[in-house]
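Notes to accompany the following structure.
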2 protein chains.
Amino acid sequence: MNIGQAAKLSGLTVKTVRYYANIGLIMPLQDNQTGYRSFSEDDVAKLQFIGKARRFDFSINECRELLSLYQDKNRPSSEVKALTLEKIAQIDSKLDELTRLRDQLSHLANHCQGDGRPECPILDALSRS
Amino acid sequence: MNIGQAAKLSGLTVKTVRYYANIGLIMPLQDNQTGYRSFSEDDVAKLQFIGKARRFDFSINECRELLSLYQDKNRPSSEVKALTLEKIAQIDSKLDELTRLRDQLSHLANHCQGDGRPECPILDALSRS
DNA sequence: GCTTGACCTTTCAGTTAGGGGAGAGTTTAA
DNA sequence: TTAAACTCTCCCCTAACTGAAAGGTCAAGC
């Protein structure tokens, strides 16, 4: 099938599919005459796999690793689990950071009158050395 | 003072300060002869202000807004508060998203043996249509 | 057989917020 | 005087695409 069909079936945009093909994440056949790419059912399955992994916040390179594990029928599940636990740790770290940020901003906003007067503890905090 | 001194006093890198000057976030004097930028105490104060706002996750454009409010001695604090509340809402939204992601990945990891065998519910979940 | 429109191709540029480094000019201290 | 340290501009690089431009391909309809 052509790229439009593959994109539709995988829920990705044509642009994204082309990008994945360009960086070698998938390798559809390509007609020498027309340049048209030709996608198999298997290519579509990989695209769907990548789409889900991306929604789970895995990077393109992590997707590449997961994809090679996905294709290796003898892979040890420990490798996949390790990647996943690492990703969870990354997310936890980001959650901590954002929570601290949120609390600080919230504290500042709570102390700002938010009226027509110029006094503003938020700007004060930003300008305090 | 020169850019190195301004960078040191503001806790930013020279590259970052130069970037901020290039995009007009700050406007140090510049010697026509040598091209050297000359920073005032006020420029340094602004750099420190921007540095803090960036650490609070405000984007460069949000910093630009905050900076113009910071310089406007008649600004209503309501404007600053609105920007801050909007930023808090953005962070909350990101927190929700990451928390959902974390829970889903955690659920998958909990059900994966993580041993030498190839069976892996994580990959199964990624490849299920 | 021709045209139209949908689809496909490559390539370039832009996005965020700078980082790295080259090559050249400037300043300062020994 | 010279060497080190500092500064300048310019260009490429990052992640993961998106948009636009300019052109080739294909199927349907007349």
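Quick note: numbers below take in every heavy atom, side chains included, and nothing from hydrogens, waters or symmetry partners. Per chain, numbering begins at 1; letters A, B, ... match sequence-line order.
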In sequence, state the C-alpha distance, the side-chain angles, and the governing distance for A:Arg64 and A:Ile50, and then conclude on side-chain contact (heavy atoms from CB on, under 4.5 Å). CA-CA 8 Å; A:Arg64 209 185 287 273; A:Ile50 298 165; over 6 Å; no
Check step by step if side-chain contact (heavy atoms from CB on, under 4.5 Å) holds for B:Leu108 and B:Gln104. CA-CA 6 Å; B:Leu108 290 178; B:Gln104 289 179 299; 5.8 Å; no
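Between atom CG of residue B:Asp43 and atom CG of residue B:Leu9 there is a gap of 11.5 Å, rounded to the nearest 0.5 Å.
No side-chain N or O of A:Lys8 forms a donor-acceptor pair with one of A:Gln5 less than 3.5 Å apart. Between the side chains of B:Ser38 and B:Asp31, no donor-acceptor pair is found at a separation under 3.5 Å. Between A:Thr99 and A:Asp96, the side chains place no donor N or O within less than 3.5 Å of an acceptor N or O (distance only, hydrogens not considered). Residues B:Asp103 and B:Ser106 bring no donor and acceptor atom of their side chains to less than 3.5 Å of each other.
With rounding to whole Å, B:Ile23 atom CD1 is found 16 Å from C:dG14 atom C1'. Protein atom CG of B:Leu12 is 11 Å distant from nucleotide atom C1' of C:dG18, rounded to whole Å. Rounded to a whole Å, the CD atom of A:Gln33 is 15 Å from the P atom of C:dT9. Per the geometry, CD belonging to A:Glu62 stands 12 Å off P belonging to D:dA15, to the nearest Å. Between the C1' atom of D:dC8 and the CD1 atom of B:Ile3 lies a distance of 9 Å, rounded to the nearest Å. Here the P atom of nucleotide D:dA16 and the CD1 atom of A:Ile50 are 12 Å apart, to the nearest Å. Distance, A:Asn2 CG to D:dT25 P: 14 Å, rounded to whole Å. Protein atom CG of A:Asn32 is 16 Å distant from nucleotide atom C1' of C:dC8, rounded to whole Å.
At the phosphate of C:dT9, OP1 or OP2 sits under 4.0 Å from a side-chain N or O atom of A:Arg18. OP1 or OP2 of C:dT16 has not a single side-chain nitrogen or oxygen of B:Ser59 nearer than 4.0 Å. Between B:Thr16 and the phosphate of C:dG19, there is a side-chain N or O to OP1/OP2 separation shorter than 4.0 Å. Contact annotation: A:Gln30 side-chain N/O to C:dT10 OP1/OP2 distance is under 4.0 Å. Taking side-chain N and O atoms only, A:Arg37 has a distance below 4.0 Å to OP1 or OP2 of C:dT10.
Below the 3.5 angstrom threshold, one finds a donor paired with an acceptor across the side chain of B:Tyr36 and the base of C:dG25.
The stretch residues 91-101 of chain A has no heavy atom under 4.0 Å from DNA chain C, so no residue of it qualifies as close.
For B:Lys15, whose side chain is taken as the heavy atoms from C-beta onward, the closest listed nucleotide among C:dC8, C:dG21, D:dC26 is C:dG21.
We find that A:Asp92 and B:Arg102 are joined by a salt bridge, their nearest charged nitrogen and carboxylate oxygen being less than 4.0 Å apart.
DNA chain D is contacted by both A:Thr13 and B:Gln5; B:Gln5 maps to the nucleotide lying nearer its 5′ end (nearest heavy atom per residue). Comparing A:Phe39 and B:Phe58 along DNA chain C, the residue whose closest nucleotide (by nearest heavy atom) sits nearer the 5' end is A:Phe39. For B:Asn22 and A:Tyr19, each mapped to the nucleotide of DNA chain D holding its nearest heavy atom, the one lying further toward the 5' end belongs to B:Asn22.
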